[in-house]
Amino acid sequence: MKSLLDPENNPGLFSGPLRTYIGAYTALLSAQGYKRPTLYPDTLLFADLDVWMRRASLTAEALDEPTLERFLADHMRTRSSRRRPMRAALL
């Protein structure tokens with residue numbers, strides 16, 4: 001079955017500078033035994049980061065701790081869902 005967590009299967013969700021890295025990230029965690037309930041929220045957080053970076057015209061090379069802090073501050077301010085970013089997943 002195709003997974004929505006795979007950027008190849010969901011190009012609408014993953015369309016920014018991190019697109020090529022998200023699949024490798026989820027594959028690595030899956031290979032380490034992490035299951036969908038753990039992977040799904042983290043992957044959606046990365047998808048949000050990916051969109052945010054695309055909108056800000058940032059490249060993957062621009063991703064550093066200050067950029068992540070700006071994203072988290074913005075994400076917490078604008079996110080209306082229950083999804084709460086986990087700083088540890090990003091750093």
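Note that the structure is a prediction, hence the values are computed from the model and not measured.
- Looking only at side-chain heavy atoms (C-beta outward), Leu49 and Leu68 come within less than 4.5 Å of each other.
- Using a 4.5 Å heavy-atom threshold, the side chains of Leu45 and Phe71 count as touching.
- When all heavy atoms of Gly16 and Arg54 are compared, the pair lying nearest together is CA-CB, 3.9 Å.
- Taking all atoms of both residues into account, the shortest heavy-atom contact from Ser30 to Leu39 is CB-CD1, 4.1 Å.
- Among all heavy-atom pairs drawn from Arg36 and Pro41, the shortest one is O-CD, 4.3 Å.
- Inter-residue side-chain proximity for Val51 and Arg55 is flagged as met; some heavy-atom pair is nearer than 4.5 Å.
- Put simply, the side chain of Thr43 reaches to within 4.5 Å of the side chain of Ile22, judged on heavy atoms.
- Distance check: Asp48 CG to Leu18 CG gives 11.5 Å after rounding to the nearest 0.5 Å.
- Put simply, CG on Asp42 and OH on Tyr25 are 4.0 Å apart, with the number rounded to the nearest 0.5 Å.
- The two residues Leu58 and Arg70 make their nearest non-hydrogen contact at CD1-NH2, 4.2 Å.
- In this structure, Thr38 and Leu29 have side chains that are not in contact, with every pair of non-hydrogen atoms separated by 4.5 Å or more.
- Rounding to the nearest 0.5 Å places OH of Tyr34 at 9.0 Å from CG of Leu28.
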